[in-house]
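All heavy atoms count here, side chains included; hydrogens, waters and symmetry mates do not. We count ligands from 1, going down the list as the structure has it; atoms in each ligand are counted the same way. As the structure is a prediction and not an experimental result, all values here were calculated from the model.
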Amino acid sequence: AAKNNGRNCWSCFTSNMRAATEIRSRTAYELRSALRDQQLYLLYQPIVELATGNVYKAEALIRWQHPERGTVYPGEFISIAEETNLITDIGDWVFKQAVNQVALWQTNFNAGFQISINKSPKQFISKMSDWVNHLNERGLDGQSIIVEITENLLLDVHELVVKQLLNYRDAGVQVAIDDFGTGYSSLSYLKKFDIDYLKIDRSFISNLDSKSNDRILCEAVITMAHRLGMKVIAEGVETDLQKELLTSMGCDFGQGNFFSKPMTADKFETLLLQ
Ligand code: C2E
Ligand code: MG
Ligand code: MG
Ligand code: MG
């Protein structure tokens with residue numbers, strides 16, 4: 001084994017690369033059966049109305065219960081799903097799950113309940129899925145669903161993206177810009193698209209208590225959003241002080257571990273019943 005210590009950095013590098021590639025192709029392979037074998041599931045994180053503490057929105061966040069690896073987070077498989085185009089099937093599955101769930105929670109808790117889902121850029125480029133039809137078949141209002149997209153997607157104003165966004169708008173589906181402030185910061189898309197929510201990225205929230213710059217930026221985003229007729233959701237709220245500051249700034253909604261971590265639908269229901 002001592003002989004191996006003589007390996008130069010290049011061979012270490014290439015063997016690490018090879019290992020990483022192997023993990024990725026293995027993950028891609030396993031992901032296909034994961035969908036079929038029902039190893040994917042959704043967690044729900046409450047989006048809290050700051051002025052009242054009411055919860056009538058939740059973000060759906062995907063997880064993979066892997067037979068050997070345990071819980072696998074989206075950061076480890078969404079980009080692989082995009083590369084292999086499996087993201088279309090996964091995205092359709094997420095949407096259908098969310099629609100079933102929101103139908104239930106609208107009946108049992110609040111007729112205005114909304115579930116927010118994440119949509120990858122690749123999902124826009126691939127075939128137009130018939131999500132809107134699915135909503136109509138279930139007799140659900142388009143407003144039952146919020147679609148979260150990233151800023152970067154809107155910058156590259158692909159024809160299909162525009163078409164799909166307009167389709168959603170026609171059906172009443174709401175649109176949120178996710179991780180706002182971290183993408184290419186061009187504000188021109190706010191003018192071009194009818195956006196309902198800005199989700200301020202958690203990197204602006206985490207130091208809100210100590211950094212006056214972040215406070216100024218949050219205030220400015222909230223003012224701008226309101227004047228453009230949009231609502232603001234602060235991501236990654238972790239402390240009471242952050243919640244208080246955001247509330248006093250007039251931020252509409254907060255989401256984060258301070259309120260609750262993402263949880264199973266069952267746990268979420270228990271929370272809603274309280
Ligand atoms: P995102 O949409 O920005 O989701 C917020 C992420 O922040 C989630 O990570 C959530 O668990 C985490 N989070 C929430 N509150 C806190 C907090 O107080 N502190 C900290 N440190 N983190 C918090 P998660 O679930 O690992 O998801 C990561 C990303 O994966 C999401 O970021 C989203 O871009 C993507 N993703 C999740 N589910 C889906 C899905 O169904 N489809 C697609 N295409 N992407 C998804
Ligand atoms: Mg999101
Ligand atoms: Mg986000
Ligand atoms: Mg984020």
Side-chain angles (χ1 to χ4, degrees), residues 31 34-35 39-48 50 55 57-66 70-102 114-126 129 131 145-154 161 164 174-183 195-209 221 232-243 246 251 253-265 267-268:
L31 198 51
L35 188 62
Q39 292 168 9
L40 301 180
Y41 61 99
L42 294 180
L43 292 182
Y44 297 91
Q45 188 174 36
I47 297 174
V48 181
L50 290 174
V55 175
K57 299 184 203 296
E59 180 174 7
L61 296 158
I62 198 167
R63 298 289 182 268
W64 177 6
Q65 190 57 45
H66 189 285
T71 308
V72 185
Y73 288 83
E76 295 173 69
F77 68 87
I78 286 294
S79 70
I80 295 171
E82 287 179 338
E83 283 167 19
T84 56
N85 285 327
L86 209 57
I87 195 66
T88 312
D89 290 341
I90 292 177
D92 287 348
W93 177 83
V94 168
F95 180 78
K96 286 190 177 146
Q97 287 285 116
V99 163
N100 292 342
Q101 198 60 66
V102 82
Q114 294 177 298
I115 290 181
S116 198
I117 57 173
N118 293 281
K119 204 164 157 142
S120 309
K122 274 278 172 65
Q123 286 177 261
F124 277 91
I125 312 304
S126 57
S129 48
W131 288 9
I145 296 291
I146 302 171
V147 173
E148 299 191 9
I149 56 184
T150 59
E151 282 175 82
N152 298 356
L153 181 62
L154 293 180
V161 175
Q164 286 201 23
Q174 296 196 312
V175 178
I177 305 293
D178 206 349
D179 308 326
F180 184 75
T182 58
I195 308 250
D196 300 282
Y197 304 94
L198 291 186
K199 297 192 78 169
I200 305 181
D201 190 67
R202 83 160 171 267
S203 57
F204 296 96
I205 310 298
S206 51
N207 298 312
L208 210 54
D209 359 28
V221 168
V232 180
I233 303 170
E235 290 191 314
V237 179
E238 290 180 344
T239 70
D240 188 45
L241 185 54
Q242 288 164 4
K243 183 205 78 178
L246 288 160
C251 184
F253 299 94
Q255 180 183 349
N257 295 344
F258 172 74
F259 300 107
S260 169
K261 289 196 167 166
M263 57 195 149
T264 60
K267 282 214 180 114
F268 201 100

- Where do Lys96 and Gln101 land on the side-chain hydrogen bond (donor to acceptor under 3.5 Å, both in side chains) test, with the steps shown first? CA-CA 9 Å; Lys96 286 190 177 146; Gln101 198 60 66; over 6 Å; no
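In Gln45, the part holding a heavy atom less than 4.0 Å from any atom of ligand 1 is the side chain.
Under the side-chain contact (heavy atoms from CB on, under 4.5 Å) rule, Ile78 has a single partner from Asn118, Ile62, Leu86, which is Ile62.
With respect to the salt-bridge test (charged N to carboxylate O, under 4.0 angstrom), the residues Lys199 and Glu148 qualify. Electrostatic pairing of Glu238 and Arg202 does not count as a salt bridge here, judged by no charged N lying under 4.0 Å from a carboxylate O.
Nearest N/O/S atom of Asp179 relative to the Mg ion (ligand 3): this is OD1. Looking only at N/O/S atoms, Asp178 comes nearest to the Mg ion (ligand 3) through OD1. Checked against the Mg ion (ligand 3), the N, O or S atom of Glu235 at the shortest distance is OE2.
A 6.0 Å sphere centred on OH of Tyr41 holds more than 12 heavy atoms belonging to other residues, nucleotides or ligands.
Geometrically, ligand 1 and Gly75 share no nitrogen or oxygen pair separated by less than 3.5 Å. Some N or O of Arg63 is nearer than 3.5 Å to an N or O of ligand 1, by distance alone.
Coordination check, Asp201 versus the Mg ion (ligand 3): failed, since every N/O/S atom of the residue sits at 2.8 Å or beyond.
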